[in-house]
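Every chain is numbered from 1 and lettered A, B, ... according to where its sequence line falls, protein lines coming before strand lines. Hydrogens, waters and symmetry mates play no part in the numbers below; they use all other heavy atoms, side chains included.
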Protein chains: 4
Amino acid sequence: MSEQDQSIYKQMIDTLGESENMTPKQVKILEAAIEIISEKGYYNTSTSEIAKRAGVAEGTIFRHYRTKKDLLASIITPVITKFSAPFFAEKFVDQVFRKPHKNFEDFLYAFIKNRFEFAKANVPLVKILLQELAFHPEIQASYKKVFAEKIYPAINNVLDYYKEKGEIKDQPNLSIIRLLAPTVLGFLITRFLLQPDLEWDDDREIRRTVDFIMKGIGKVGE
Amino acid sequence: MSEQDQSIYKQMIDTLGESENMTPKQVKILEAAIEIISEKGYYNTSTSEIAKRAGVAEGTIFRHYRTKKDLLASIITPVITKFSAPFFAEKFVDQVFRKPHKNFEDFLYAFIKNRFEFAKANVPLVKILLQELAFHPEIQASYKKVFAEKIYPAINNVLDYYKEKGEIKDQPNLSIIRLLAPTVLGFLITRFLLQPDLEWDDDREIRRTVDFIMKGIGKVGE
Amino acid sequence: MSEQDQSIYKQMIDTLGESENMTPKQVKILEAAIEIISEKGYYNTSTSEIAKRAGVAEGTIFRHYRTKKDLLASIITPVITKFSAPFFAEKFVDQVFRKPHKNFEDFLYAFIKNRFEFAKANVPLVKILLQELAFHPEIQASYKKVFAEKIYPAINNVLDYYKEKGEIKDQPNLSIIRLLAPTVLGFLITRFLLQPDLEWDDDREIRRTVDFIMKGIGKVGE
Amino acid sequence: MSEQDQSIYKQMIDTLGESENMTPKQVKILEAAIEIISEKGYYNTSTSEIAKRAGVAEGTIFRHYRTKKDLLASIITPVITKFSAPFFAEKFVDQVFRKPHKNFEDFLYAFIKNRFEFAKANVPLVKILLQELAFHPEIQASYKKVFAEKIYPAINNVLDYYKEKGEIKDQPNLSIIRLLAPTVLGFLITRFLLQPDLEWDDDREIRRTVDFIMKGIGKVGE
DNA sequence: CATGAATGAGGCTTCATTCAT
DNA sequence: AATGAATGAAGCCTCATTCAT
């Protein structure tokens, strides 16, 4: 799995700050916005507060983002992209067919591990994504697009592949996803958002998750 | 499982309207608030809009609820209670020990089925609960209390019981819950909030969910 | 000096309650209004709060007083009357000419003493009068009328009388009043409103006040 | 006595407008607020009315003053300070000991004259101060502080000084102040607030006031 | 007489956004 | 690019007053 999507939170911003045409102030604005919005939510965060935390005049924000919602979009859109990065076309499918995963369980472990690291490095961003998704139709649309065009097809491929290899029980892929996704997401949400202060033995818990899924989905016990 | 907690949405309000001392206008206000807030979220819903939809003067809202947030609380608090109703003390535990469930699978099926019916009858309320939980510390506190005092102990009992009977694999109960809860919730959320328009074969999907969990948790295949 | 104007606060109300056609509820309302308004001022006191403290429905207030301002007027008007009671026509002037005061100093002492007792018995009412006078033109008008028709003429008489007797320096009566009034009022205000918790030797302080005025006004030292 | 505290009303604002960082709009707001509040009182004055009179959007008020009460405070606080300016430390006491006042009477005349000019130049401000003092605990606190720390000690010094010189009768200073203050204040209030339209011979009336006080306090006639 | 739910005008305040500098 | 004063729409809430019961 790619490593360049780790730690977007700062990294993403910095990268943009250099590669694209971001001024230092713009970077400050993004950082401040991410911090505050992830703490208090979009509607409880005022642009003036963001400006203050960023050490910038209020007007400056609107020089870079036409509206407050634009600012939110500019935070969330990359997260949607990066979060689904592994599913993007070749890389992901390639890994499945050519890479060292000798079976589905191996693949699943690697996949969860990878998304785990991503979430860990980007807690505030993931938090914003999950919280705001419900309230902003534009963002939902953006997500649905990525899901339909990238995520779903990729997963589909993988599942079909392992089904053929006889490692996955015969069920509609959608049903499988419906079971798989909440299990993985549920783990990440519990781990990083609901109970971040518990003492987690992360690796054991990841294995447990894999195990749980494998039992439920796999053909092993049958 | 009790049937008196079905369909709170209207039923709850009506009941209150009669049993408690709710005026017809107050009922209208609650209904309107639930509708609009579940559509657009708390922060996108203005009290004036609620008043308009309820056919009431804006001031009337504040005769009955000191604050807009009070109004939200008066919607959510009963949901928290009712949603966890099956866990409340005797009933739930009794069912497990004395009632017709011959094994954990049976119990699980009955339980999911029951919560499924509840969710089905109260989509708007559940939606509000899930969406707003993130933003209102008071509501979080209220939920945590119910979870710690009612839900968790009840589940604990059940799991211990079936562990003793050898139907559940030996894992920490917290880990089991961490796997179980997202699976059930994920199903309900997908079914009623994310993809309500799909043509669902509900019973088959419930069985699939039970099956998935049983495989992952149970001792069967070992 | 008349004794029937002592302790209006309760007494006034009770009297009205019997003699006039006041219901017990109306009495409660007046009492509550006086208490709260004297504590927090007219504009910081809501009719609902008055109703609550009076143990009465809000509507009941408006059954007895057309408006909130009417309620205030019904409190203040009698105070204006009673506060200037000693000046009312015959009684007052009579006392001056026929009664036991052998000189102006004696009269002054009796007068201040009398108004002192009145103020003492009616602190809340006096407080309301002083505080609200500034903001309600109707009340000002009412006061000016009483002053012009009763108070001023009466004082005028008295001053002229003692001037003739050679006990008061020859100055315009208005100037005398301008010096006299603040001295007396200033004492009462300090005593009951500004520093009510100090340990006052009331009689000594009254004598000091009389002395101060006598020196300033009288012919003694000349 | 210093002359730089004359005519705060406009002068104060103008000064601030230049020396401090006040925008022209902010100056307009202050002027409008002073005018209207002094006419109708704080609670009868709406922020929208102030905005209208100031030719400013209502929101602009709240950019400069977080609260309506803040606006009031920003008007009154300087008045409290300026009104007691002559009492502030050296200047005042110095004048007493080193300056041209050959006796207490001279000093008293100069003092009253000075405060008279101040009141004359700041009628609206003084009116607001007197009217609102009763209703705003924060303002009371602010005043009490100034009184305890500046005014009282200064007066104390002066009285002791002239007592030693044998020009003032031996009474507790607090008693003297209790007699002195209402006489001076009563004069100013009558002159500028109660009867501003009378034709006053100001100098004669000031002398009368001084005379009245001297007789009452002084040792002359004894 | 009494009630108290209902009203709706109006108050204070917030905040995204604009614009002259 | 950056500023920050200014805007004004819109939000929440209060409260005196009315009216059907």
Side-chain angles (χ1 to χ4, degrees), chain A residues 21-26 29 43-52 54-71, chain B residues 21-26 28-29 43-51 54-71, chain C residues 21 23-26 28-29 43-52 54-71, chain D residues 21-26 28-29 43-51 54-71:
Chain A
N21 43 4
M22 259 188 168
T23 68
K25 301 241 170 191
Q26 192 168 356
I29 291 170
Y43 290 107
N44 285 316
T45 301
S46 69
T47 50
S48 98
E49 198 180 353
I50 295 173
K52 210 167 290 161
V56 149
E58 258 195 279
T60 307
I61 292 179
F62 292 89
R63 187 152 288 286
H64 295 290
Y65 306 93
R66 276 193 328 98
T67 69
K68 189 188 170 192
K69 214 152 218 172
D70 269 20
L71 173 56
Chain B
N21 42 5
M22 260 189 170
T23 69
K25 301 242 170 191
Q26 190 168 358
K28 285 276 188 195
I29 290 169
Y43 290 108
N44 284 314
T45 301
S46 71
T47 52
S48 99
E49 196 180 355
I50 295 174
V56 150
E58 204 173 347
T60 306
I61 293 179
F62 294 92
R63 269 197 81 69
H64 296 292
Y65 306 94
R66 284 192 318 94
T67 297
K68 190 189 169 193
K69 213 152 218 170
D70 267 23
L71 174 56
Chain C
N21 42 4
T23 69
K25 300 242 170 191
Q26 191 168 356
K28 284 278 188 196
I29 290 169
Y43 290 107
N44 285 315
T45 301
S46 69
T47 50
S48 99
E49 197 180 353
I50 295 173
K52 210 168 290 162
V56 150
E58 258 196 279
T60 308
I61 292 179
F62 292 89
R63 185 151 287 288
H64 296 289
Y65 306 93
R66 277 192 328 99
T67 68
K68 189 189 171 191
K69 213 151 218 171
D70 269 21
L71 173 56
Chain D
N21 42 5
M22 259 186 169
T23 69
K25 301 245 171 189
Q26 189 168 358
K28 285 277 188 195
I29 291 169
Y43 290 107
N44 284 316
T45 301
S46 72
T47 52
S48 100
E49 196 181 354
I50 294 174
V56 149
E58 205 173 348
T60 307
I61 293 178
F62 294 90
R63 269 198 81 68
H64 296 291
Y65 306 93
R66 285 192 317 96
T67 297
K68 189 189 170 194
K69 215 155 216 168
D70 266 24
L71 174 56

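- Each of A/E58 and B/E58 has a nearest nucleotide on DNA chain F; the 5'-most of these lies closest to A/E58.
- Closest-nucleotide positions on DNA chain E for D/G59 and C/G55 were compared, and the one nearer the 5' end corresponds to C/G55.
- Across all strands shown, C/T47 has heavy atoms under 4.0 Å from base atoms, whether or not it also approaches the sugar-phosphate.
- When all heavy atoms are compared, the tightest approach of D/L71 to D/I29 is CD1-CG2, 4.3 Å.
- Counting to the nearest Å, the C1' atom of E/dG10 and the CG atom of D/N44 are 14 Å from each other.
- If you take CD1 of C/I29 and C1' of E/dT3, they are 12 Å apart, rounded to a whole angstrom.
- Annotation: side chain to side chain donor-acceptor pair (under 3.5 Å) contacts of D/D70 (sequence neighbours excluded): none.
- Going from atom CD of D/Q26 over to atom CZ of D/R63 covers 10.5 Å, rounded to the nearest 0.5 Å.
- Regarding B/Y43, its OH atom lies at a distance of 11 Å from the P atom of E/dC15, rounded to whole Å.
- In the 5' to 3' direction, nucleotides of DNA chain F lying under 4.0 Å from heavy atoms of chain D begin and end at F/dA5 to F/dG8.
- The two residues C/K25 and C/G55 come nearest to each other via the heavy atoms NZ-O, 4.2 Å.
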| task | Whenever both distances are under 3.5 Å in a Watson-Crick or G-U wobble pair, mark it; put DNA chain F into dot-bracket that way, with [ ] for crossing pairs and | when the partner is on another strand. | result | .||||||||||||||||||||

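- Taking every heavy atom of both residues into account, D/N44 and C/Y43 meet most closely at ND2-OH, 2.9 Å.
- Between the side chain of A/K68 and the backbone N or O of A/T45, at least one donor-acceptor pair lies under 3.5 Å.
- Under the side chain to side chain donor-acceptor pair (under 3.5 Å) criterion, D/T47 pairs with D/E58, not counting sequence neighbours.
- Against DNA chain F, the stretch residues 60-69 of chain C makes heavy-atom approaches under 4.0 Å through C/F62, C/T67, C/K68.
- Taking for each of D/A57 and C/S46 the nucleotide of DNA chain F with the nearest heavy atom, the 5'-most of the two is the partner of D/A57.
- Legend: residues meeting side chain to side chain donor-acceptor pair (under 3.5 Å) with C/K69, ordered by chain and number and at least two apart, are C/H136.
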